[in-house]
Amino acid sequence: MDVQGHVIKRTTRMKIAFRADASLRIGTGHVMRCLTLARALRSRGHECLFISRAHPGNLLAMIRAEGFAVYSLPSGSGADSDLAHSEWLGASQWEDAQACCALLAPWCPDWLVVDHYALDYRWERSARVANCRVMVLDDLADRRHDADLLIDQNLGRSLLDYTGLLPDHCEPLIGPRYALLRPEFAELRDIALTRRRKGQLQHVLVALGGVDEHNHTSLVLQALDDHCNLPATTRLTVVLGQTAPHLARVAEVAKRLRWPVSVFSGVRDMAQRMVDADLAIGAAGGTSWERCCLGLPTVLMVLAENQRAPALALANSGAALLVEPSSSLAHQLPSAMETMSQATRLRQFSSAASSMVDGAGCRRIMEAMEHLR
């Protein structure tokens, strides 16, 4: 059985290579969800390795600490001029593909998994080695792919969004049922949903991404202190990634708040922290699906343009309450927190969120990979 208690079908052992980057600008989400899939694949007997560039704020040490081989590419400064996020790559697509091919050809992977907004069909076609299939993790539906599997976990996305962007043989797996979550989220789901029935607001979790490059966390904490009338018994937990550049500033602001605030970085028990919280103030990234799986009501903030569409879909479905950081938090947060202090509304948001994600996305994706292999 695997870590989620599912019976493992005997299958040929596969080799899977992952190409993903993390940096202060890119954030940590691409590497983190690839790590989630790699751990699950390893639990089924498959072998995984990573290729990642050594950008400032990279997660190379974390990947190695997880027990995976990882090849480090230099940060570089080159870029393609015709791809929206090319400045995040640090090389041209051709240069990156050639470097990857040189590393992968002797290893002969069965799958190459790419999770990078600056790579498209040209890289995917150039980076393929003999007898290797390609799987793309995408959120944007804004460029062509040369892939055998396409994963887009966004709510509201449809196959029509990829019209003309995928080859005929590509199998698209679309929607939150394919959200890549660590097994502890599925394991704690029943406990979390039982806890949500209380509909009380005593513990607020503030988690605005692994990096929070522009320090929205401090702005949220200050707005809560200046403009929100939370009960004196309220407590707050702030979680940032281990590469977050504003951790010290957040800790300073936290000390001045009217309520007790605990600040953590690089935690390994995020699922349990979500279970223990009654409300999250969170970014509209991949952690949205973690919160949904655990039915955690959320005040949702869009911190990058690619987060806007899934954030609006979550808000329209009643799974989260949207706050625009571009507008004044002083006007928005008090109203949002007042809404979330009502037991009935908390339960409504929790129910809508938990209906989106069941925590079995990794299993569904692995089964598709094994079937195609």
Side-chain angles (χ1 to χ4, degrees), residues 29 33 137-142 150-162 172-181 185-186 188-190 192-201 204-209 220 270-271 274-275 277-327 332-333 335-362 364-365:
R33 67 182 176 185
L137 304 180
D138 193 16
D139 307 291
L140 305 180
D142 67 345
L150 183 285
I151 315 298
D152 188 326
Q153 61 190 10
N154 282 326
L155 179 66
R157 183 74 75 207
S158 77
L159 182 56
L160 291 176
D161 295 318
Y162 283 95
L173 304 178
I174 294 176
R177 71 191 307 266
Y178 299 105
L180 287 162
L181 303 187
F185 287 93
L188 292 171
R189 176 174 164 85
D190 288 343
L193 298 185
T194 298
R195 187 181 185 280
R196 304 286 175 237
R197 294 171 190 161
K198 298 177 182 178
Q200 60 185 6
L201 180 56
V204 179
L205 173 67
V206 181
L208 296 172
V220 166
M270 194 62 182
M274 288 185 178
V275 171
D278 304 308
L279 172 70
I281 300 176
T287 53
S288 292
W289 315 121
E290 298 174 353
R291 296 188 295 262
C292 283
C293 183
L294 299 177
L296 181 57
T298 302
V299 175
L300 197 61
M301 298 180 65
V302 176
L303 304 183
E305 192 56 36
N306 64 286
Q307 297 176 356
R308 185 168 301 281
L312 288 171
L314 280 167
N316 291 336
S317 69
L321 185 59
L322 190 59
V323 168
E324 288 283 355
S326 57
S327 304
Q332 296 180 86
L333 264 187
S335 175
M337 298 305 288
E338 169 140 5
T339 296
M340 290 301 195
S341 67
Q342 302 169 33
T344 301
R345 297 305 305 279
L346 274 178
R347 286 191 286 263
Q348 288 172 345
F349 279 106
S350 176
S351 177
S354 64
S355 69
M356 302 288 174
V357 180
D358 62 6
C362 263
R364 295 184 180 108
I365 292 171

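Below, all heavy atoms of this structure are taken into account, side chains as well, without hydrogens, waters or symmetry copies.
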Discussion item. Within this structure, what is the CE-CZ distance for the pair Met270 and Phe185, rounded to the nearest 0.5 Å?
Written reply: 7.0 Å

Worksheet item: How far does CZ of Arg308 sit from CG of Leu303, to the nearest 0.5 angstrom?
Response: 10.0 Å

Worksheet, complete the sentence: In short, side chain to side chain donor-acceptor pair (under 3.5 Å) pairs touching residues 341-351 with sequence neighbours left out are Arg345-Gln348

Worksheet item: Taking only residues two or more places apart in sequence, or in another chain, which ones meet Leu140 in a side chain to side chain contact (heavy atoms under 4.5 Å, CB included)?
Response: His85, Tyr117, Asp138, Asp142, Arg143, Asn306

Fill in: Nearest non-hydrogen partners of Tyr162 and Asp139, listed with the distance
OH-N, 4.5 Å

Discussion item. Rounded at 0.5 Å granularity, tell me how far CH2 in Trp289 sits from CG in Leu181.
Written reply: 10.0 Å

Cut-off 3.5 Å, no hydrogens considered: what does the side-chain donor-acceptor table look like for residues 173-180, sequence neighbours left out?
none

Discussion item. Tell me whether Arg189 contacts the main-chain N or O of Ser354 through its side chain, where contact means a donor paired with an acceptor under 3.5 Å.
Written reply: yes

Worksheet item: Restricting to pairs with a member in residues 292-302, which pass side chain to side chain donor-acceptor pair (under 3.5 Å), not counting sequence neighbours?
Response: Arg291-Thr298

Worksheet entry | Heavy-atom closest pair, residues Ser317 and Ala352 | O-CB, 3.8 Å

Discussion item. What verdict does the side chain to side chain contact (heavy atoms under 4.5 Å, CB included) test give for Leu346 and Arg196, after you've listed the backbone C-alpha separation in whole Å, the side-chain angles of each residue and the deciding distance to 0.1 Å?
Written reply: CA-CA 8 Å; Leu346 274 178; Arg196 304 286 175 237; over 6 Å; no

Discussion item. Donor-acceptor check, side chain of Gln332 to backbone of Glu324, threshold 3.5 angstrom: yes or no?
Written reply: yes

Fill in: Beyond-backbone contact of Ile281 with Val204, side-chain heavy atoms, under 4.5 angstrom
yes

Response to the item:
All heavy atoms of Ala283 vs all of Ser288, minimum pair found to be O-OG, 3.7 Å

Discussion item. Run the side chain to side chain contact (heavy atoms under 4.5 Å, CB included) test against Ala311 and tell me which residues pass, sequence neighbours left out.
Written reply: Ala284, Leu300, Val302, Leu322

Worksheet item: If you look at every heavy atom in Ala280 and Leu296, which pair is closest and at what distance?
Response: CB-CD2, 3.5 Å

Worksheet item: Nearest 0.5 Å, what's the CG-OG1 distance between Leu208 and Thr287?
Response: 8.5 Å

Worksheet item: Roughly how far, to the nearest 0.5 Å, is the CG atom of Leu294 from the CG atom of Asp190?
Response: 10.5 Å

Item to complete: Provide the closest heavy-atom pair for Gly359 versus Ala186 in the form atom of the first, atom of the second, distance.
Response: O-CB, 4.0 Å

Item to complete: Show the numbers, then the answer: is there a side chain to side chain contact (heavy atoms under 4.5 Å, CB included) between Gln153 and Val357?
Response: CA-CA 10 Å; Gln153 61 190 10; Val357 180; over 6 Å; no

Item to complete: Can you measure from CG (Leu321) to CE (Met337) and round to the nearest 0.5 angstrom?
Response: 10.0 Å

Fill in: Within-4.5 Å side-chain heavy-atom neighbours: Met301 and Val220
yes

Practice prompt. State which residues pass side chain to side chain contact (heavy atoms under 4.5 Å, CB included) with Ser158; sequence neighbours excluded, sorted by chain then number.
Written response: Leu160, Asp161

Practice prompt. Look at atom CD of Gln200 and say whether more than 12 heavy atoms of other residues, nucleotides or ligands are closer to it than 6.0 Å.
Written response: yes

